[in-house]
Structures are given as C-alpha cells and as structure tokens.
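Worksheet: the structure to be examined is printed underneath.
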Amino acid sequence: MTSTDHRIAAGVTIGALQIGAPLDAVDNRILLCHALGLTRVGLITQSERALTADEAARLSALVARRLRGEPIAYIVGQREFFGLPFEVTPAVLIPRPDTELLVELALERLPPSGRVLDMGTGSGVIAVALAHTRRDARVTALDVSDEALAVAARNAAANGARVRLLRSDWYAALAAPAAAARDAAAGREIFDLIVSNPPYIASGDRHLSEGDLRFEPAGALTDHADGLSALRTIVAGAARHLVPHGWLLMEHGYDQAAAVRDLLSSQGYVNVQSWRDLAGIERVTGAQAH
C-alpha cells in the first residue's frame, strides 16, 4: 500500500495489512474479513498468506470507499443488531446499539400473543428483533418507502421472523379493508403496543453533514422541520390504535425527552416516562393510552 493513494499491491501479506493501515483498526479488520472471505481467526492463522492481484484490487476499492467516508455497514452490506445479522443498504438507516433499548422496553411490555406495531420500520430491525424473540407476537411493521420495505422483508426472512409489512404513510394503511386485527365498529386496527424510531433530527442540524449521517437517507433522519413533527403525528394518532392501557414507546434525540413527555401528557396519555441509554442519555420516552 502506498502512502499517497492507498492502493494495495498483490503479494502483500495479510499480516502486513494489519500494521500501519490508513484505517481505524476495527474498520480495517472488517474490510479485510469481507474482502478476503475470512473470519477474525483466519486473519491470524493466515497472516503469512499473500494477496492475489484480484484480492488486492478488491480490498483497495473497499478501503478507498471507507476513506471517502462511506459507512462500513453500507460497504459490507450488513450490521448486527440485538444479536442478529441485518442487511443494510443506502435506502435504510444503519442500526445503532442505542435502539436496542427500545426493543428491550417493548419486550417487557408485550403481553402473551400481543399485537405490536413498528412505525417507520426501515431495515426492520425493531420488528424483526421483536418477532424473533417473541414467536407468539403478531408483529406489523410499516414504512412509506418501498425500498426500505424490501430490505425489511429480506431481513425478516433471513432471520426466520414472521412480520407483516405494510406500505403506509404513518397510520394511513391501518384503516384499509385488508387490515387484520380490526375494531369493526370503529374501523381501525388496534395493537397492544406501538413502537417507533422516527426521523427526529431537526432541519439544518450540523450532524446531518457529519460522519455516517452524510450517507444515510435524509428522510429517515430528519423531518425537515423542528425534529418533532413525526413524533407529534405518532403521538396524535396512537391512542386510536391502542388497546386501553396499551403502550406507546418512541426513540428520540438526546435533547428531546422533555418535549416528548409534554406531547404525551397534552394528549392525555398516562404513566409518561423516559428511559436512559447506556450513555446516560434519555433516549426513549413512552406512556400508556388512558
């Protein structure tokens, strides 16, 4: 590998590529494993193996993408979440460990054979994690993006999770004739639990032009407004689709917990509270329908 363009020459050993690489050590290891089809153990046991010309070219291309800032998850097409492997593409957000808190809280509140709705499912990580962990649950996930729903469908199939996927602009599809668990008199589908990790970054936030966020779909990150519009829509419509005392749980920004609690209280929800992630940040807020 040269110091200027980082092209990797045929004949270099796997061991040499793990010393003085231009990437973070973790990123470098992930790309080596991906490009060469090796496990982490293989990097050690085959450290003296020399790369072929094709392998060197393939690895050079991956390193160049990472040096341009492209997220590792998009380069390798996968990210782990809740102990499961998930396909990720530029059509969906990259799953973050912080979101596992939302899944844990949902599992604690999901009754036997419970009905759960995941709003704005993206790659499907929340819905699939719930359905995989609770085989008895009836999980519905919706998204307005056909591309995202296709990724979610593949992730559900790959992880053996039963998830019903709907194309919907928030609650719109839940009043359709094909809706399953229906309150016939009121013409609505109801659930024991609603969860969502919606777009919550305010328009113009500097983070949108930094790091991995530069490459992720803007519509899944920001509401193009004050960061609370999607959360307002979810809060305003959830009670109509929840059983009495059913839970609504939402992930939000690091500084939005108080505003989301106010939204819930103003709409008549009870037992309003927030939960902190591993970094101590109030990351999820929820409440029960009255």
Side-chain angles (χ1 to χ4, degrees), residues 81-83 93 95-122 124-134 136-142 170-171 174 188-202 205 207 220-223 225-290:
F81 179 84
F82 217 72
L93 289 184
R96 267 76 170 178
D98 292 345
T99 303
E100 293 188 359
L101 173 63
L102 181 61
V103 175
E104 292 164 357
L105 292 167
L107 289 170
E108 291 170 3
R109 289 158 178 77
L110 186 59
S113 302
R115 298 160 294 179
V116 57
L117 172 66
D118 175 25
M119 303 193 70
T121 195
V125 293
I126 296 170
V128 171
L130 291 172
H132 184 272
T133 306
R134 285 285 303 275
D136 61 308
R138 288 172 282 173
V139 181
T140 297
L142 56 81
W170 299 122
Y171 298 101
L174 298 179
R188 67 183 188 272
E189 187 169 357
I190 56 174
F191 301 89
D192 299 288
L193 176 69
I194 296 176
V195 296
S196 185
N197 178 18
Y200 55 70
I201 300 177
D205 188 298
H207 293 95
L221 290 166
T222 177
D223 60 359
D226 64 353
L228 292 169
S229 63
L231 290 157
R232 288 190 193 97
T233 297
I234 293 166
V235 170
R240 175 176 166 78
H241 295 281
L242 281 169
V243 299
H245 310 299
W247 278 91
L248 168 62
L249 299 169
M250 299 167 290
E251 181 173 329
H252 50 69
Y254 71 96
D255 58 352
Q256 294 175 323
V260 177
R261 288 194 297 269
D262 289 345
L263 283 175
L264 290 162
S265 297
S266 68
Q267 292 285 333
Y269 290 83
V270 298
N271 200 14
V272 177
Q273 55 191 294
S274 299
W275 294 268
R276 296 180 185 274
D277 61 21
L278 292 175
I281 296 168
E282 289 183 315
R283 181 60 63 186
V284 174
T285 294
Q288 290 177 284
H290 56 73

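This chain uses plain numbering: 1 for the first residue, then up along the sequence.
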CD1 (I201) and OH (Y254) are apart, to the nearest 0.5 Å, by 10.0 Å
Mind listing the closest non-hydrogen atom pair of W247 and G286 along with its distance? CZ3-C, 4.0 Å
Return the CG to CG distance between L231 and D223, rounded to the nearest 0.5 Å. 8.0 Å
Evaluate the side chain to side chain contact (heavy atoms under 4.5 Å, CB included) criterion for residues M250 and V195: first the C-alpha distance (whole Å), next the side-chain angles of each, then the deciding distance (0.1 Å), finally the verdict. CA-CA 6 Å; M250 299 167 290; V195 296; over 6 Å; no
Rounded to the nearest 0.5 Å, what's the gap from CG on L130 to CG on L193? Could you check? 7.5 Å
I'd like to know if the side chain of S266 reaches the main chain of L263, judged simply by a donor and an acceptor atom lying under 3.5 Å from each other, with no hydrogens or angles considered. yes
Under 3.5 Å, side chain of T233 to main-chain N/O of S229, donor-acceptor pair present? yes
Looking only at heavy atoms, the pair that brings W170 and P198 closest together is CH2-CB, 3.9 Å
Kindly say whether A239 contributes a backbone atom to a donor-acceptor pair with the side chain of Y269 at under 3.5 angstrom? yes
Nearest heavy-atom approach of P95 to V125 is CG-CG1, 3.6 Å
Checking side chain to side chain contact (heavy atoms under 4.5 Å, CB included) for the pair T285/Q273: CA distance, chi angles, key distance, verdict? CA-CA 6 Å; T285 294; Q273 55 191 294; over 6 Å; no
The residue among D262, V272, V235 that forms side-chain contact (heavy atoms from CB on, under 4.5 Å) with Q267 is V235
Given the rule in the side chain to side chain contact (heavy atoms under 4.5 Å, CB included) test, do F81 and T99 qualify, once you have shown the distances and angles that lead to the verdict? CA-CA 9 Å; F81 179 84; T99 303; 3.8 Å; yes
Under 3.5 Å, is there a donor-acceptor pair between the side chain of E100 and the main chain of F82? yes
To the nearest 0.5 Å, how far apart are CG in L221 and CG in D205? 10.0 Å
Distance-only donor-acceptor pairs under 3.5 Å for side chains of residues 103-113, two or more places apart:
residue: R109; atom: NH1; partner: L105; partner atom: O; Å: 3.1

Under the side chain to side chain contact (heavy atoms under 4.5 Å, CB included) criterion, do I194 and M119 qualify, and how do the steps go? CA-CA 7 Å; I194 296 176; M119 303 193 70; 3.9 Å; yes
Is the backbone N or O of A287 less than 3.5 Å from a side-chain atom of N271, with the two atoms forming a donor-acceptor pair by type? no
Do you know which two heavy atoms are closest between L248 and A238, and how far apart they sit? CD2-CB, 3.7 Å
Is the gap between the ring centers of Y171 and H241 under 6.0 Å? yes
Test salt bridge (Lys or Arg N to Asp or Glu O under 4.0 Å) on R232 and D226 and set out the steps. CA-CA 11 Å; R232 288 190 193 97; D226 64 353; 2.6 Å; yes
Salt bridge (Lys or Arg N to Asp or Glu O under 4.0 Å) for E189 and R240? Distances and angles first, verdict last. CA-CA 9 Å; E189 187 169 357; R240 175 176 166 78; over 6 Å; no
So, taking the atom named NE2 in H245 and the one named CD in Q288, what distance separates them when rounded to the nearest 0.5 Å? 7.5 Å
Closest non-hydrogen contact found for E251 with Y200 is OE2-OH, 3.0 Å
So, D118 side chain and L142 main chain: donor-acceptor pair closer than 3.5 Å or not? no
V116, L174, V139 screened by side-chain contact (heavy atoms from CB on, under 4.5 Å) with F191, the one that passes: L174
Given T140 and R115, is the side chain to side chain donor-acceptor pair (under 3.5 Å) satisfied, shown in steps? CA-CA 8 Å; T140 297; R115 298 160 294 179; over 6 Å; no
Under 3.5 Å, side chain of R283 to main-chain N/O of H252, donor-acceptor pair present? yes
Residues which pass salt bridge (Lys or Arg N to Asp or Glu O under 4.0 Å) with R134, listed by chain and number, not counting sequence neighbours: D136
Give the minimum heavy-atom separation between N197 and I126, together with the two atoms involved. CB-CD1, 4.0 Å
